[in-house]
Every structure is written in structure tokens, then in C-alpha cells.
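Hydrogens, waters and symmetry mates play no part in the numbers below; they use all other heavy atoms, side chains included. These numbers were taken from a predicted model, which means no experiment stands behind them. Along the sequence shown, residues carry numbers from 1.
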Amino acid sequence: MLNVTQSWRRLRPLCMALAGTVALGLASTADARDLRLKIAGTLPVEHQGTKILEQIAEDIEAADVGLKVSTFPANQLGSGEELLESAIRGNVDIVMGFIYANKDPLFEINSIPYLVSSWDDMEATVRNPDSAFNQIMGEGLANLGLRMLANNPEGFSNLVSEKRPADFAGLGDKEMLSRVWSSNAVNDTMKALGYNTTTIAYAEIFAAVQSGVVDGAICCTKQSADKIFAKSGVGKYFVEYNAFMELSTFYASEKTWEKMNDEQRAAVQAAVDKAADDFFAWNKENDAKYEQELISKGYEILTPTPEELDVLSAHVREVVWPSIAEVAGQDAIDRLKADLNGGS
């Protein structure tokens with residue numbers, strides 16, 4: 001027969017192990033229910049996209065799942081490229097921004113010219129979570145330790161200019177220097193359309209156009225053109241080539257995602273899904289409104305005819321798409337083409 005002392009000696013290690021397991025479980029639960037998320041973006045404070053960031057924060061906190069949220073718009077935590085790096089490291093939890101190809105050439109698919117030509121195309125190609133575009137994006141982000149939450153096209157990113165381009169609707173020399181973002185696809189497209197180009201970060205485009213470092217910038221939806229340039233009396237022309245989507249991707253650091261419990265993950269995803277739906281609908285509804293805002297501030301809208309756009313888009317696809325396949329991978333381009341052709 002074991003006496004009480006002997007029994008305790010045998011049971012003590014097991015009890016201590018069980019107590020440690022329970023304590024660890026309680027600590028993990030406490031940690032998961034006591035997180036403050038940092039959500040960052042690049043759009044100006046007065047932009048509707050920044051209001052969407054605030055909406056996401058409010059909806060996550062309203063879910064009452066133990067998450068508090070701080071928002072940092074207008075490049076406060078860095079440019080789009082810098083935010084991607086910060087999210088990979090876990091220093092920023094959720095980002096709303098454009099995914100540049102500096103970390104992976106696969107993301108050149110974000111800058112494919114004339115992938116879509118209408119709001120309906122954006123709905124089918126970019127907002128459908130089962131589309132080839134979204135699947136490719138999700139795979140690329142996962143390889144970087146990031147989780148894609150939603151893609152949200154804001155419209156078409158077009159040219160803001162202080163100078164009227166020569167032969168704006170044709171393929172001739174435009175006799176002007178345009179800013180492009182860090183994308184071979186964008187650079188090649190603008191050259192194919194007849195522009196001289198230089199790469200400038202998004203955060204620096206206003207100063208570059210205002211000071212005359214460049215004549216114009218491929219950069220902006222009508223809303224962004226109004227909020228960034230026209231409100232300050234900078235720029236005279238808005239040229240609608242409609243070659244590129246203005247695309248914001250909502251993505252999360254996988255390090256943060258692993259810290260959250262299932263209830264918290266569901267609350268974040270629901271808030272982002274609602275925000276993406278609301279923002280897409282708002283942009284679609286207000287596109288014409290911001291065209292009038294630009295006109296009222298003295299802008300001239302230059303729009304090639306449908307026939308002229310057919311010539312421009314055919315030329316760009318012929319010249320630029322093969323080079324994108326060399327960079328992003330032929331498999332990605334083939335998947336996109338098959339999806340556009342109904343899976344054939």
C-alpha cells in the first residue's frame with residue numbers, strides 16, 4: 001500500500017503538467033482575445049478608401065470578439081511596397097493597397113493592360129473569389145506569408161497631365177514624359193502608346209507633377225485625380241485609356257492570422273468582405289460624379305473613341321502581353337486567358 005506522501009510524489013508531476021497545459025491554454029485564449037490590429041493604407045485621408053478602412057475597424061470592433069483596431073491611412077506607415085514588407089514581418093496586420101511586383105514578378109498580373117474593359121468585367125474577373133485572377137493572387141501572397149482577404153477594383157487608373165499629349169488617341173509620339181509605377185508592364189504599355197516614361201513612387205507623384213519633373217502621371221481614378229491633384233489646382237487633362245485597373249487588395253499578415261482564434265478570423269473576413277462590396281458599389285456609382293468634379297475644376301477629359309481604343313488595346317496586347325508572360329510566368333497568363341475565354 002502506498003502512503004499519502006508516496007501517492008502525492010507520483011501524482012505531482014502529472015498534476016503540474018496538467019496545470020501547465022491549462023495555464024497555457026488560458027494564456028493563449030487571453031492573448032487571442034486581447035489583440036490590437038494595425039490596418040494601413042496608402043490613399044489620402046479624405047479619400048473614400050480611407051473611410052472604408054475606418055468602416056472595417058468599426059465593424060471588427062462591433063463584432064465584440066476581443067479585437068481593437070487602429071487605422072493608418074495616407075502612407076503613414078509607408079508606401080505600398082513598404083507595407084507589403086511590414087506585413088510579411090508581422091509589423092502591420094492588415095493592409096489595403098496595391099500589390100507591386102517588387103517581391104514576386106507574378107504580381108505583374110495586377111498591371112496587365114486591357115485585362116478588363118468594363119465594370120462588369122471587373123466584377124467577373126477580379127471580385128469573383130473563384131476566378132483565375134484571385135486564385136493566382138492568393139497563391140502568390142501565401143508564398144510570401146500573407147493571406148489574401150479580398151480584391152477590390154476601384155475603376156480605371158488613367159493619365160493625369162499638365163500637358164495635352166500630342167496624338168493622344170493614336171499611337172504617335174505623345175511628346176511628353178509620364179510617370180509610371182514600378183511595373184515593366186505599365187512602362188512597356190505607356191511606351192507602346194507613345195510616351196516617354198520614368199518610374200516614381202505613388203507617394204511622390206503629386207510633387208513630381210506639380211514641380212514639372214514629369215508632364216503627367218499614369219496613376220489615378222477620377223476620384224483620386226480629384227482628391228490628389230484637382231483640389232490643389234494641379235493638372236489640366238485626364239486621359240482615359242482605361243488600360244489598367246486601379247486595384248486595392250486587402251491582405252493580412254499570416255503571423256497575425258495565426259494569433260487569432262476562429263471567431264476573430266471570421267469577424268475580420270466578414271468586415272473586409274462587406275467593405276469590398278460597399279467600396280466597389282460606391283466607386284461604380286460615383287465614377288460619373290467625379291468626372292464632373294474634374295470638369296468643374298478646369299480639367300479637360302480626353303477620351304479616345306471606341307474604334308480608337310480598339311486599335312490601341314490590340315496593339316498593346318500584341319506588344320506587351322508576351323513580355324508579361326516572360327516575367328510573371330506563362331502558366332499564369334494561360335490560366336487568365338482560359339478564364340476569360342470561359343474555361344476553354
Side-chain angles (χ1 to χ4, degrees), residues 101 108-118 121 155-202 204-222 224-226 228-230 233-247 287 290-291 294-295 297-328 333 340:
E108 276 288 85
I109 68 169
N110 285 338
S111 300
I112 291 181
Y114 296 108
L115 177 67
V116 298
S117 58
S118 68
D121 288 347
F156 289 102
S157 184
N158 279 307
L159 183 78
V160 171
S161 177
E162 280 282 357
K163 178 179 176 181
R164 183 185 178 96
D167 189 30
F168 84 88
L171 292 169
D173 187 353
K174 301 302 183 285
E175 300 176 9
M176 62 176 284
L177 179 64
S178 171
R179 170 266 181 180
V180 296
W181 62 84
S182 55
S183 162
N184 289 332
V186 177
N187 189 53
D188 292 347
T189 297
M190 296 306 287
K191 286 183 175 179
L193 293 175
Y195 288 88
N196 296 317
T197 62
T198 185
T199 301
I200 296 175
Y202 184 84
E204 299 169 7
I205 54 174
F206 176 81
V209 175
Q210 183 186 43
S211 64
V213 170
V214 292
D215 300 309
I218 187 78
C219 64
C220 302
T221 62
K222 291 166 187 170
S224 295
D226 178 61
I228 297 173
F229 293 97
V234 175
K236 297 181 178 69
Y237 301 95
F238 186 85
V239 190
E240 291 191 285
Y241 291 118
N242 289 354
F244 308 106
M245 288 180 290
E246 183 80 4
L247 181 65
D287 190 59
Y290 279 100
E291 178 171 325
L294 289 173
I295 292 171
K297 293 180 175 71
Y299 266 67
E300 183 178 351
I301 311 296
L302 302 177
T303 306
T305 67
E307 293 76 19
E308 289 168 334
L309 279 174
D310 285 344
V311 173
L312 296 177
S313 61
H315 175 69
V316 166
R317 289 191 187 104
E318 179 183 359
V319 172
V320 179
W321 276 48
S323 63
I324 298 175
E326 293 176 5
V327 174
I333 302 303
L340 293 174

* Structure fact -> dist Cys220:SG -> Phe244:CZ (nearest 0.5 Å) comes out at 13.0 Å
* Got a second to check how far Cys219's SG is from Leu159's CG, nearest 0.5 Å? -> 7.5 Å
* Tell me, do Phe238 and Val160 make a side-chain contact under 4.5 Å, heavy atoms counted? -> yes
* Derivation and outcome, side chain to side chain contact (heavy atoms under 4.5 Å, CB included), residues Leu115 and Leu340 -> CA-CA 9 Å; Leu115 177 67; Leu340 293 174; 3.6 Å; yes
* Do you know the tightest heavy-atom contact between Thr189 and Pro113? -> OG1-CG, 3.3 Å
* Atom pair CG/CD1 of Asp226 and Ile295 - distance to nearest 0.5 Å -> 11.5 Å
* Name of the residue among Thr197, Asn196, Val320 meeting side chain to side chain contact (heavy atoms under 4.5 Å, CB included) with Met190 -> Thr197
* Asked: Quick one: OG1 on Thr198 to CG on Asp215, what's the gap to the nearest 0.5 Å?
  -> 11.5 Å
* Within a strict 4.5 Å, meaning less than it, do heavy atoms of the Asn184 and Ser323 side chains meet? -> no
* Could you check if a side-chain atom of Ser224 sits within less than 4.5 angstrom of a side-chain atom of Tyr202, using non-hydrogen atoms only? => yes
* Asked: Side-chain contact, heavy-atom cut-off 4.5 Å: Asp188 with Val319?
  -> no
* Taking Ser157 for the side chain and Met245 for the main chain, is one N or O donor matched with an acceptor at less than 3.5 Å? -> no
* To do: Work out which heavy atom in Ala192 is nearest to a heavy atom in Val316; give both atom names and the distance.
  => CB-CG2, 4.5 Å
* To do: Measure up the Tyr195 and Tyr241 rings against each other and bin them: parallel (under 30°), tilted (30 to 60°), perpendicular (over 60°).
  => perpendicular
* From OG1 (Thr221) to CG (Asp287), nearest 0.5 Å -> 7.5 Å
* Within a strict 4.5 Å, meaning less than it, do heavy atoms of the Glu108 and Ser183 side chains meet? -> yes
* **Pairwise distance CD1(Ile228) to CD(Gln210) - rounded to 0.5 angstrom** => 13.0 Å
* Where do Ile324 and Ala185 come nearest, in terms of heavy atoms and distance? -> CD1-CB, 3.6 Å
* Residue pairs fulfilling salt bridge (charged side-chain N to carboxylate O under 4.0 Å, His left out) with at least one residue in residues 155-165, sequence neighbours excluded -> Glu162-Lys236, Arg164-Glu300
Tabulate below the donor-acceptor pairs under 3.5 Å that side-chain atoms of residues 170-181 make, not counting sequence neighbours, or state none.
residue	atom	partner	partner atom	Å
Asp173	OD1	Glu175	N	2.8
Lys174	NZ	Asp167	O	3.3
Lys174	NZ	Gly170	O	2.7
Lys174	NZ	Gly172	O	2.8
Lys174	NZ	Leu193	O	2.2
Arg179	NE	Ile200	O	2.8
Arg179	NH1	Ile218	O	2.8
Arg179	NH2	Ile200	O	3.1
Trp181	NE1	Ser111	OG	3.0

* Are any non-hydrogen side-chain atoms of Ile333 and Ile112 less than 4.5 angstrom apart? -> yes
* Are any non-hydrogen side-chain atoms of Phe229 and Tyr299 less than 4.5 angstrom apart? -> yes
* Would you say the side chain of Leu309 lies within less than 4.5 Å of the side chain of Tyr114, judging by non-hydrogen atoms? -> yes
